Amino acid sequence: MRVATLAFVVLALAGCGGSAGVSGGAASLLPSTTDAFVAIETHVNASQWPAIEALLRRFPVQDPVLGHLQTLGGEVSIASVGNSLVVLTRSSNVQPAGFVAKRISGWTAFARRAATFDSLGGHATLASSQSYKTAMATIPSHGLARAYAGPSAARHLVTALPDRVQVLRVPFGRRGPGVGPPTANERTVWAAAAVVAGSHSVTLEAHARILPPANVILSGSVFMQVPEPEYQARLIDEIPADALAVADFQPAPSEFELTDTADLPAPVQALAKKSATFLNALDTVLGGETAIYARAGGEVTLVTQPSDTKTASEQVAALAPFFPGVTLHTTVFGGELVVSTSLRGLAAFRAAGAKLSADPTFRQAKVPTDTTGFIYGDLRSGSSGFAVIAPLFGLLVPTSPEHTLLSYGMRRGNEATSVLVLQTG
């Protein structure tokens, strides 16, 4: 599950109040070819500003001035125009060091080179482009930050989506004599995201238009990316109601072996470096709907549905040496393989007590019926349970007391959607 730096924005914004939101009006000055555009509200307190910086780290053009935008005040827009950084603000009383300035239609534009201004204020603007309008219509019209990325920069933003993709072998009949990359990747047309702060929650909503790999690339590749289909989570009817953190997903066949190692979670990368067979073993153990959850005391349990539970159980035993100091207990229950760090975990799963789907706090989080996967954390009594699950999915652990955290992805046709909600009360 892909969850990257934009998710940190939500975590860092914990506890902030509502905001009138940014307008994004500076898009009417930028050329339609603008690579990336971010409108941010700088009137935030010191504890909120790191969240804005986390968003800016996804910006395709890095510049030291990005760390000092708060001094500009009010709404500030950042744009990547032809690989050049442009900063626009309503204020006319500031002058970032090393920048030249020009007043345009009520905005003050800053750039490293005066020639950059030649592309501003024309007729074919970003705000009038169909791609921009389509993308921004998918996200809330208010918030602490709104971001847009066109084709050349969209991957910076797309990596923030907790969307799942699987890698499959290209059908032989579709392969030609051409030479292409080993894996034909999906193509991102645009991406958009908004961070919205409410009185008791902070929400990151992101959307991306994603197309299949181009035929010319596909014909010369061995593997291809395809979207992971949505599914209805059933394991929530089996997981104990007192689970503090849950990650639920459906691994694709050979998912770990075929995924670029650099895209795997850091803990999995570290284990893969110790043995060439580790990823293959994971693919053998995991199958069907899979959930990993933590309960009080640090107990962690995995539930999965491999095609061959006997072989998968044997692989769990083979994996045990990779986890020194941890005893893995296994059982097969109702055709599912259950692995836990304690016998108590196995007993709790098999017990007929209350289940997660009926837990009031989980129900209040409102996990959609169909997703490409979700991560849930009950943070009311602290983040110890979530701290066990978070590193596997690239999420930071909230440092202040919160209520719940929910992250999920959806895939409808060519549009990938992700929502990350941190409830603060």
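The structure displayed is predicted, hence computed values, not measured ones.
Only one option out of L379, L422, V421, T361 pairs with T404 in a side-chain contact (heavy atoms from CB on, under 4.5 Å); it is T361. Looking at R412, M410, R411 one by one, the single match for side-chain contact (heavy atoms from CB on, under 4.5 Å) with T417 turns out to be M410.
Surrounding NZ of K133 are more than 12 heavy atoms belonging to other residues, nucleotides or ligands, all under 6.0 Å away.
For the pair E228 and F249, the minimum side-chain heavy-atom distance is 4.5 Å or more.
Using the six-membered ring where Trp is involved, F362 and F374 have ring planes that are tilted, between 30° and 60° apart.
Within the structure, every pair that satisfies the ring-ring contact (aromatic ring centres under 6.0 Å, His included) test and touches residues 261-281, not counting sequence neighbours, is listed here: F278-F322.
A distance-only check finds no donor-acceptor pair linking the side chain of T134 to the backbone of S131 [under 3.5 Å]. Between the side chain of E257 and the backbone N or O of D283, no donor-acceptor pair lies under 3.5 Å. With hydrogens and angles disregarded, no donor-acceptor distance shorter than 3.5 Å links the side chain of D248 to the backbone of A291.
Residue F323 holds its CZ atom at 5.5 Å from CG of L271, rounded to the nearest 0.5 Å. In this structure, R295 CZ and S340 OG are separated by 8.0 Å, a value rounded to the nearest 0.5 Å.
In this structure, a donor-acceptor pair under 3.5 Å is present between the side chains of S357 and D237.
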